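Read the structure below first, then the notes.
The model shown is predicted, which means the values in this text are computed figures rather than measured ones. One is the number of the first residue; the rest follow in order along the sequence.
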Amino acid sequence: MSKERAKRGTLPPAQEQIEKFEKVVEEGNYYGAQQLYKSITARYVAAQRYPEALDILESGACIQLKHGQVTCGAELASLFVETLVKGKFPYNDETLVRVRKIYKQFPKIPVPQQLGDLDDDMQRLSETLGTAKTCVEGCSSFLKAAIKWSAKFGAPRAGAPEIHVMLANYMYFESPEVDMVRVAQHFVRGNNPKEFACTLVHFMGKCYPGEDDVAIARAVLMYLALGNLRDANVLMDEIKMQVEAKQLEFPKSDLMQFINFLLETMLRDAFPIFNMLRSNFKSSLDREPSFHELLDEIAEKFYGVRRRNPLQGMGMFGEIFKMMGGD
């Protein structure tokens with residue numbers, strides 16, 4: 001016990017370390033500061049002084065990211081989450097605020113919209129896209145680790161819904177190449193269908209023809225596949241309201257007609273009508289094979305129709321449901 005106290009006594013208060021390390025960063029010695037952050041916080045962790053280790057890592061992640069040192073900042077952000085796990089910190093509002101604070105420091109990289117001198121601008125564009133990719137990878141790694149921590153220490157089974165929304169937003173607005181399936185995957189595990197609706201309306205304004213109704217249908221079906229009829233309806237109502245307010249045109253297609261009929265059907269115990277809709281709109285549903293897989297999941301969730309081998313043959317969506325916690 002006395003040895004432990006002596007060990008603790010060799011470490012000064014965290015604030016002293018924070019101020020000292022910040023000066024190193026401000027002087028432009030990012031690599032040197034990074035080694036200090038890592039080595040010193042390892043000592044605090046070894047002494048089980050987890051709160052102070054968190055303070056130093058949070059400060060380090062934020063200041064490195066503020067100075068554009070994304071790789072360094074992301075590494076310290078991930079160490080912050082590792083320390084949450086080691087110290088067994090619970091998922092609560094206080095810790096969520098700290099995760100959000102680090103998340104907000106990840107840079108937003110504007111991609112050039114106009115190209116002048118071809119060689120110079122192509123080089124600049126290539127560098128910008130590379131930086132954006134690094135930011136997305138770093139932020140995604142941090143937030144995915146935070147989701148796993150939260151699921152283990154008090155959040156819902158699939159992880160903190162607030163962190164899922166953070167990740168979905170960053171992936172959509174900052175990724176050089178947006179993967180709407182992955183974006184939707186996190187939004188449906190989140191707690192803000194209205195924000196998801198905003199993102200889909202934004203996507204409608206820049207996607208290729210025929211992608212808008214597929215994205216909306218996918219979002220609704222993914223909510224329903226998780227048994228979340230409420231947010232599926234909120235999403236559709238919000239999209240329609242925003243489209244009208246912005247004087248845009250809501251997609252008019254057989255697929256959207258199917259989704260409207262489906263949401264009405266889900267309000268009642270009407271499995272025969274559910275099957276009739278699947279049959280009548282099969283050609284529309286064939287536009288994306290995953291729709292049939294999601295509808296099988298919905299049939300099981302709402303009508304108890306079990307498949308012989310759940311998730312078998314579900315491809316990408318099978319992997320999504322397994323990774324995100326199944327039901």
Open item on the list: Under the criterion side chain to side chain contact (heavy atoms under 4.5 Å, CB included), I'd like the reasoning laid out for Val165 against Glu195: C-alpha separation, chi angles, the key distance, then a yes or no.
Closed with: CA-CA 8 Å; Val165 173; Glu195 192 163 351; 3.7 Å; yes
TODO: Assess whether side chain to side chain contact (heavy atoms under 4.5 Å, CB included) is satisfied between Met180 and Leu200, documenting all intermediate values.
DONE: CA-CA 9 Å; Met180 285 304 293; Leu200 287 169; 3.8 Å; yes
Open item on the list: Does Tyr303 form a ring-ring contact (aromatic ring centres under 6.0 Å, His included) with Phe274? I'd like the steps, not just the answer.
Closed with: CA-CA 10 Å; Tyr303 303 112; Phe274 176 85; 5.4 Å; yes
- [ ] Report the C-alpha separation of Phe187 and Asn169 in whole Å, then their side-chain angles, then the decisive distance to 0.1 Å, and conclude whether the side chain to side chain contact (heavy atoms under 4.5 Å, CB included) test is met.
- [x] CA-CA 8 Å; Phe187 263 125; Asn169 269 317; 3.7 Å; yes
Task: Residue pair Asp212, Phe250: steps toward the side chain to side chain contact (heavy atoms under 4.5 Å, CB included) verdict - done: CA-CA 9 Å; Asp212 47 4; Phe250 188 83; over 6 Å; no
- [ ] Output, in order, the C-alpha distance, side-chain angles, deciding distance and verdict of salt bridge (Lys or Arg N to Asp or Glu O under 4.0 Å) for Lys23 and Glu27.
- [x] CA-CA 6 Å; Lys23 288 180 181 178; Glu27 292 168 357; over 6 Å; no
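When all heavy atoms of Phe153 and Val85 are compared, the closest pair comes out as CZ-O, 3.8 Å. Across every non-hydrogen atom of Ala53 and Thr41, the tightest pair is O-CG2, 4.0 Å. Scanning all heavy atoms of the two residues, the minimum distance from Val70 to Pro107 falls at CG2-CG, 3.7 Å. Between Ala132 and Pro176, the shortest heavy-atom contact is CB-CG, 3.8 Å. Nearest heavy-atom pair across Ser78 and Ser141 is OG-OG, 4.1 Å. Across every non-hydrogen atom of Ala158 and Ile147, the tightest pair is O-CG2, 3.5 Å.
Heavy atoms of other residues, nucleotides or ligands lying less than 6.0 angstrom from NZ of Lys252 number 12 at most. For Phe271, the CZ atom sits in a packed shell: over 12 heavy atoms of surrounding residues, nucleotides or ligands are nearer than 6.0 Å.
Contact check for Glu300 versus Val305: no side-chain heavy atoms found under the 4.5 Å cut-off. Side-chain contact between Thr134 and Thr71: present, with at least one pair of heavy atoms (C-beta onward) separated by less than 4.5 Å. Side chains of Gln48 and Lys86 form no contact here, defined as non-hydrogen atoms less than 4.5 Å apart. Considering only heavy atoms from C-beta on, Met204 comes within 4.5 Å of Pro251 through its side chain. With a 4.5 Å cut-off on side-chain heavy atoms, Val99 and Phe142 count as touching. Counting only heavy atoms from C-beta outward, the side chains of Leu167 and Lys144 approach each other to under 4.5 Å. Residues Ser284 and Phe291 are not in side-chain contact: their nearest non-hydrogen atoms beyond the backbone lie 4.5 Å or more apart. Pro12 places a side-chain heavy atom less than 4.5 Å from the side chain of Gln17.
Applying the side chain to side chain contact (heavy atoms under 4.5 Å, CB included) test to Gln34 and every residue at least two apart in sequence or in another chain returns Lys38, Gln64, Cys72, Glu75, Leu76.
Checked for salt-bridge contact, Glu52 and Arg49 meet the test: a charged N lies under 4.0 Å from a carboxylate O. Taking a cutoff of 4.0 Å between a charged side-chain nitrogen and a carboxylate oxygen, Asp55 and Arg98 qualify as a salt bridge.
In this model, a donor atom of one side chain and an acceptor atom of the other lie less than 3.5 Å apart for Asn92 and Thr95. Using a 3.5 Å distance cut-off with no hydrogens or angles, the side chains of His292 and Asp286 do pair a donor with an acceptor.
For the atom pair CD1 of Ile298 and CE of Met266, the computed distance is 6.0 Å after rounding to the nearest 0.5 Å. One finds the NZ atom of Lys104 at 15.5 Å from the NZ atom of Lys66 (value rounded to the nearest 0.5 Å). Going from atom CD of Gln69 over to atom CD1 of Ile63 covers 11.0 Å, rounded to the nearest 0.5 Å. Residue Leu36 holds its CG atom at 7.0 Å from NZ of Lys20, rounded to the nearest 0.5 Å. Here the CG atom belonging to Leu54 is positioned 5.0 Å from the CG atom belonging to Leu84, to the nearest 0.5 angstrom. Considering CG of Leu143 and CZ of Arg100, their distance stands at 10.0 Å, rounded to 0.5 Å.
Using a distance-only test at 3.5 Å, with no hydrogens or angles considered, a donor-acceptor pair links the side chain of Ser253 to the main chain of Met256. Although no hydrogens or angles enter the test, the distance criterion places no donor-acceptor pair under 3.5 Å between the side chain of His202 and the main chain of Cys198. In this structure a side-chain-to-backbone donor-acceptor pair under 3.5 Å is present from Thr83 to Leu79. Side chain of Tyr172 to main chain of Phe203: a donor-acceptor pair is present (N/O by atom type, distance under 3.5 Å, no hydrogens or angles). A donor-acceptor pair is defined here as one N or O able to donate and one able to accept, closer than 3.5 Å; no such pair exists between the side chain of Ser59 and the backbone of Ile56. No donor-acceptor distance shorter than 3.5 angstrom exists from the side chain of Trp149 to the backbone of Tyr91, with no hydrogens or angles considered.
Transitive grouping of hydrophobic side chains (ILVMFWY, heavy atoms separated by less than 4.5 Å) brings Ile273 and Phe281 into a common cluster. The hydrophobic clustering, which links ILVMFWY residues whose side-chain heavy atoms are closer than 4.5 Å, places Leu294 and Phe302 together. The cluster map of Ile, Leu, Val, Met, Phe, Trp and Tyr, joined by side-chain heavy atoms under 4.5 Å apart, puts Leu263 and Leu267 in the same cluster. Cluster membership for Phe173 and Val178, using ILVMFWY side-chain heavy atoms within less than 4.5 angstrom, is shared. Residues Phe261 and Ile216 share a hydrophobic cluster, clusters being chains of Ile/Leu/Val/Met/Phe/Trp/Tyr side chains in contact below 4.5 Å.
Applying the side chain to side chain donor-acceptor pair (under 3.5 Å) test to pairs two or more places apart or on separate chains, those with a residue in residues 263-278 are Arg278-Asp296. Counting only residues at least two apart or on different chains, no salt bridge (charged side-chain N to carboxylate O under 4.0 Å, His left out) pair has a member in residues 229-250.
Ring geometry, Tyr103 versus Tyr170: the interplanar angle exceeds 60°, so the pair is classed perpendicular (tilted spans 30 to 60°).
When His186, Arg189, Gln185 are each tested for a side-chain hydrogen bond (donor to acceptor under 3.5 Å, both in side chains) with His164, only one passes: His186.
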